[in-house]
Amino acid sequence: MIRKTLIALALATTFAAPAHAQFGKLKELAGGGASSSPSAAPSEADQEALVRRFAASQSHSLEAQTAFAKAFGLAEQVQLLEAERQALSSGSVNVDQMKKSVSVSEAAQAAIDERVAAKPELSAESKQHYTDGLIALAASAVEGQKLSGEASNFANGMKNLGATQLATVGRKLVAGAWVAKESPGYLKGLYSSSKAALTFARASKIKVPRNAESLLDTL
């Protein structure tokens with residue numbers, strides 16, 4: 001969901017305290033993290049870090065949707081989602097590729113939501129796919145939690161740019177500005193889909209790994 005170049009980043013997160021204690025509520029984070037002090041004007045390095053963070057969360061989200069699509073037998077969606085995740089992880093993703101990724105993700109989620117609403121009986125293999133999806137979704141949420149504060153800081157920093165800077169430096173920060181603007185909506189969608197996924201898993205007696213459940217249950 002980014003308007004400029006994106007660089008994929010593999011998930012690498014270690015918490016000193018229990019994950020559920022540090023995670024907080026993603027629903028609240030969707031409103032944007034608060035900054036305790038005025039943010040400095042962002043740099044291109046800040047932009048690169050921000051889009052990497054977004055790409056990490058989005059990549060895991062696509063992975064989760066792929067697993068859910070497999071669970072529900074949505075073969076076409078599986079193929080499309082896998083292709084977009086590969087593109088996102090290629091190391092050099094442009095605006096058009098990201099727009100396509102967002103479109104595919106939204107279409108896949110609609111198809112998944114339709115299957116969930118039908119409350120189907122899943123086979124043991126399908127339940128395992130669904131469990132894999134929950135794990136990936138939790139990973140996406142972890143990155144999303146970090147994204148909230150970083151996006152807020154970036155947005156606050158952009159406000160410190162004067163007219164002349166916006167015409168020069170600001171033109172190089174389009175990707176970061178877009179991510180900062182879109183992050184609240186992205187996090188809101190991640191919150192909604194996570195809660196729905198966990199609710200279905202429990203109703204269908206699908207195994208939910210303890211760590212993933214701790215994260216998703218505190219959203």
Side-chain angles (χ1 to χ4, degrees), residues 1-13 22-35 39-66 80-109 133 135-159 170-194 197 215-216 219:
M1 301 179 177
I2 307 175
R3 269 186 135 180
K4 200 99 169 155
T5 303
L6 289 178
I7 303 174
L9 177 67
L11 177 67
T13 305
Q22 292 199 17
F23 189 74
K25 289 186 177 294
L26 190 60
K27 184 178 182 180
E28 296 173 2
L29 293 172
S35 178
S39 300
S43 65
E44 289 184 67
D46 294 327
Q47 172 175 251
E48 184 174 326
L50 180 62
V51 297
R52 279 204 308 261
R53 181 72 70 197
F54 187 94
S57 180
Q58 174 72 341
S59 180
H60 286 297
S61 181
L62 291 171
E63 181 183 2
Q65 289 180 313
T66 299
L80 292 172
L81 287 164
E82 288 181 336
E84 293 312 311
R85 185 165 179 259
Q86 287 181 357
L88 184 62
S89 303
S90 68
S92 179
V93 182
N94 59 37
V95 180
D96 289 339
Q97 286 174 315
M98 274 311 302
K99 283 184 176 181
K100 183 181 177 184
S101 174
V102 171
S103 178
V104 169
S105 177
E106 291 177 344
Q109 191 59 50
I135 295 172
L137 194 59
S140 177
V142 168
E143 293 294 345
Q145 186 262 353
K146 298 175 186 177
L147 174 66
S148 177
E150 293 176 7
S152 179
N153 287 338
F154 193 95
N156 289 336
M158 288 292 290
K159 295 177 182 178
R171 295 172 65 179
K172 299 179 181 180
L173 301 176
V174 175
W178 194 92
V179 174
K181 178 183 177 181
E182 296 299 318
S183 288
Y186 169 77
L187 293 172
K188 183 178 180 181
L190 184 57
Y191 164 82
S192 179
S193 60
S194 295
L215 286 169
L216 298 175
L219 298 182

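All values below were derived from every heavy atom in this structure, side-chain atoms included, with hydrogens, water molecules and symmetry-related copies excluded. Values in this document were obtained by computation on a predicted structure and should not be read as measured data.
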Checklist entry - Would you say Asp46's side chain and Ser43's backbone share a donor-acceptor pair under 3.5 angstrom? => result yes

Checklist entry - What is the distance from atom CG of Leu173 to atom CG of Leu50, rounded to the nearest 0.5 Å? => result 10.5 Å

Next on the checklist: When you compare the side chains of Ser57 and Tyr186, does any donor N or O come within less than 3.5 Å of an acceptor on the partner?
Outcome noted: yes

Item to check | Exercise: identify the closest heavy-atom pair between Ala175 and Val51 | outcome: CB-CG1, 4.1 Å

Item to check | Check: Ser193 and Gln109 side chains under 4.5 Å, non-hydrogen atoms | outcome: yes

Checklist entry - Looking only at heavy atoms, what is the nearest atom pair of Ala64 and Gly133, with distance? => result CB-O, 3.3 Å

Checklist entry - Which atom names give the shortest non-hydrogen contact between Glu63 and Arg85, and what distance separates them? => result OE1-NH2, 3.3 Å

Next on the checklist: Working note: Lys146 + Glu150, criterion salt bridge (charged side-chain N to carboxylate O under 4.0 Å, His left out); need CA distance, chi angles, decisive distance, verdict.
Outcome noted: CA-CA 6 Å; Lys146 298 175 186 177; Glu150 293 176 7; over 6 Å; no

Item to check | Test item: Leu147 and Val179 side chains (from C-beta on) under 4.5 Å apart, heavy atoms | outcome: yes

Checklist entry - Nearest 0.5 Å, what's the CD-OG distance between Glu84 and Ser89? => result 11.0 Å

Checklist entry - Would you call Ser140 and Gln58 a side-chain contact if the rule is heavy atoms closer than 4.5 Å? => result no

Next on the checklist: Do Ser105 and Gln65 pair up side chain to side chain, a donor and an acceptor below 3.5 Å, judged on atom types alone?
Outcome noted: yes

Item to check | Value rounded to 0.5 Å, distance of CD in Gln145 from CZ in Arg53 | outcome: 9.0 Å

Checklist outcome for this item: On a heavy-atom basis, the closest approach of Ala177 and Phe154 is N-CE2, 3.4 Å

Checklist entry - Do His60 and Leu137 come within less than 4.5 Å of each other through their side chains, counting heavy atoms only? => result no

Checklist entry - Which pair of non-hydrogen atoms, one from Ser148 and one from Leu187, has the smallest distance, and what is that distance? => result CB-CD1, 3.6 Å

Item to check | Heavy-atom closest pair, residues Ala180 and Ala155 | outcome: CB-CB, 4.0 Å

